[in-house]
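Here is the structure we will look at, set down as structure tokens.
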Amino acid sequence: MYLKMIKNNIKKNKLVTVATVIFMTVSAAFMGLTVLLSGNLLDSIDNLMSEAKTCDFLQMHSGELDMEELEAFADSRDDVEDMLVADFLNIENSSITLNGISLSDSTQDNGLCVQNESFDHLLGTDNEILHPSEGTVYVPVCYKSEYDLSEGQIMQIGNVTLTIEGFLRDSQMNSMMASSKRFLVSPEDYEKLENIGSQEYLIEFLIKDGCDINGFATAYADAGLPCNGPTITAPLIRTMNALSDGMMILIIFLVSIVVLLISLICIRYIVLTGMEKDRKEAGMLKALGLRGKDIRKVFIAKYIFLSLSGGIIGAVIAYIISKPLGIQMRELYGASGDNSGTFLASMLGIFVTESIILLSINKHLKKHDRLSAVEVISDRRKNTARKKDSLIWITGIMVASVFLCLVPVNISTTIGSERFVSYMGVGQSNIRMDVRQCDDIEGVSDRLIGKISSDPDVDMYCLMQTGSFRATLNDGSNVNLLTEIGNHEIFPLNYAQGKCPERDGEIALSRLNSEELGCTLGDTIILNRDGSEEEFTVCGIYSDITNGGKTAKIYGDPALDNDIPVMWSIIYVSLKDPAQTDPFISSYQSYCEEYGNSVKITDIKGYMDGLYGQTINNIKNAAALSFAAAGLIIFIVVVLFVRLMIWQEKSDISLKKALGISTRYIRNGYVRRTSIYIISGVILGIILGIFLGQEIAGMMLGALGAAGFKFIIDPAAAFILVPGFAVIVAVLAVRSGSREVRTIKLRM
Amino acid sequence: MQELLKVESLCKDNILNNIGFTVYEGEMIAIMGPSGSGKSTLLYCVSGMDKTDGGKVFLGGTELTSLSEEEKSELRLNRMGFIFQQMNVLADLNVIDNIMFTSVYAKGKKNEKKIREKATGLLNEFGISDIADHMTNEVSGGQLQRACILRSLMMDPEILFADEPTGALNQRAAATVIDAFLKINRSGVTILMVTHDSKVALKCDRVLYILDGELRGELNLGKYTPEKEEERQQTINTWLNSFGW
């Protein structure tokens, strides 16, 4: 009998039923998609890291290496399960071509390696351990789509030609956010090419389960072992792997929450309007002796059926959409292992979403319980008009939909902006020159500074030098801090808290360092510089994705601080005419030719594109999905509400028609009446999207490394594209909904 | 005759004032009075649908006024039947499913077959079997009201309450509905109905007259027979005229 009721009710209320199912479907689809993608991502990364046996601690190093010393250290520690030193042959980017395309513009450090025996394996597309034959090479999978590569094509390194045998997954350096990429060759080819590049080492440790990686890192630094490159630990590798796709998933999650809220609002309206129509039936059932909860059962049966349908359709849609959205994920990290858990979790997510909707419907239907049978039967209560409600809901939906469109757009323009580097630990300049891994870092830096200072094209420049200092914290514990010395006011970062160090005795810490060391603003740290101890007060905390994210900055003139044990130098340069960046870089690259790989000159914009290109693409996908969802929601809700308004005003409309007022005029009246509500909704949506959106996006980005985040808004997108899109869809919906006017007959 | 419904000193806001009367098993009683006199309120109060301010109502020894809402619901479901002026039905069900709905609810889905047989029997008996599978918006007012009467009979009630059952019907349809009531009453079901129509009231055994919330008079007509219809009409007209009707 319930089924018959549902069937007949659906037949009679097609529009309302379709709208309800769409809300339930879209909510389920987004929630399912969020769970499916995040589950797959985490599964894939875990699977890859476990198959590849990723190390727990990685120290990059160039120069002399004492293997015996390292082995003795490893043997002395109970927490070390295994250790290896992997060779990495850093090749000058301009010496590499892939399928005829030079990598000279690449912002990555590209190099060769051979397969490791015990752990840190480089895997194939089926996660198998690769062993290239002589004359062949496996290329990082992230380059496959970037350079449109396929098996059998040629990779040229200097004069040596290698055939691309396939693509590899590198659990440590897969992400474009990892600054190095490893190409896998046979030991014979490695030997042949050894003279072309510069030798670097990846000193890797597997730590026993449950042991403290940070404690190990401190012990490693204290032991005075090779450490002139960045230190990276497994959690950071996992974060970097998850970052680009994780960003997209976070946005989809944000969208799914907003869509769920919109659905709850719209379904509430639909239920309340339906209840108004069903009031008499409910009252009659009460009079006949049905209890409140039994009456609710009669009415909720339909919603359970719709929710079930919406949940199933949503699950199918989520599954279908997850395929194209997960292409990059699968390519980079491989298929997830046994994904039945993820599937079940996504079903659970959909179930929870639908349950929330049904619980809210049940709550609204409880109003039937309070309904007095006598009131209904004797019709004592007047029908409440919901016209005003309809218009206010239109505003509400516009606010939510504009918010939904704007936040991903703003995140995308922010991350795509040149200024975003300053949130990530990089000074906001045009060009960055890194001097690393050579015997005379200070000498090379000085010569470059000499040339830059007399270059008429240069507007501003500054030299930063990084050294590792032993630091004593408030609690007396010791750590080694990678500390950058220079004038940090010239190309300032965005500080999440406090400010940059402006005078002696001030130190700024990266967020990771601040968290790990438990230091906040105002705390003191004692740095041991060349035997003497100096006290520094923490004056600022900033986000940093460079050098493993654990850095510090102090004020000083590198030229005067001759006692710094320099690990690397960075020179930031801004030009009077930023359009001259390319010729400037070319001329300095020629100038630095003699230093080989030691000097790397990067266009910051290119650097950001390389770093965040994937992430921005993913965010654009998520933004496109949000646009589609918002457009669909605006259209359905506005059509629905306009038709409900027309239904409520049926008698007025037929009277107007009888008086000779044209249908077109009446229809235009709805556009006029709704426009103010639509426009207010758009304006409110933009305000919320900018301010509340910034807070939410800040939380999301903070979790991924960029603390103290502020939107960098593209006015064309935020103030023209998004509102224009929302207004056009809304007006089209009003026009479409107002067609109902045509069907209303004249009053006789 | 045995007492079935006993009303003692019933009060409700300013609408009903100290009303008392008794309904005996097998009786068919009409409550009359001008608009706003409180007759519908009286019907809802004695059937437990509306709350009272004072007084007591007993149905077959059960004090209705002391029961909880849940208990009253159960009583209405199992021992009472209701017919309203507006033919309230579930718009998404057809006629026979509407008739069956409360019985299926009360007796469970497992008894649906028996319930359907009973509903079909009643539809045949009352001459509307042809509309059984029609949707409720496809049938006439008289047919729908008869369907509502059949719905109220499905649980074999001890008493039927009807509020202006012919109020929304034309004369022909009203006549078929009243015939149905007579038939039901002859089968032993007690009926208490509110009506404006003296033609309906004259078919009842007794008529109660209410004015300004007070019971002002009672006319005992005895069992209806078609032969005495004219005489009953005159008696009732004279009686109503005495109240300024």
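These numbers were taken from a predicted model, which means no experiment stands behind them. Below, chains carry the letters A, B, ... as their sequence lines are ordered, and counting in each starts from 1.
- Using a 4.5 Å cut-off between heavy atoms, Phe101(B) touches chain A through backbone and side chain atoms alike.
- Contact count versus chain A (heavy atoms, under 4.5 Å) is highest, among Ser47(B), Ala91(B), Gly48(B), Gly81(B), for Ala91(B).
- Only the side chain of Leu285(A) comes within less than 4.5 Å of a heavy atom in chain B; its backbone stays farther off.
- Side-chain contact between Asn78(B) and Glu158(B): absent, with no pair of heavy atoms (C-beta onward) separated by less than 4.5 Å.
- Taking all atoms of both residues into account, the shortest heavy-atom contact from Ile6(A) to Phe305(A) is CG2-CD2, 3.6 Å.
- A 4.5 Å side-chain heavy-atom check between Asp163(B) and Tyr44(B) finds at least one atom pair inside the cut-off.
- Residue with the most contacts toward chain A among Leu90(B), Asn94(B), Leu77(B), Thr102(B): Leu90(B) (heavy-atom pairs, distance under 4.5 Å).
- Asn111(B) is not listed as a side-chain neighbour of Val104(B), based on a closest heavy-atom distance of 4.5 Å or more.
- Taking 4.5 Å as the limit, some side-chain heavy atom of Tyr670(A) sits within range of a side-chain heavy atom of Val741(A).
- Counting heavy-atom pairs closer than 4.5 Å to chain A, the top residue among Met135(B), Met155(B), Glu74(B) is Met135(B).
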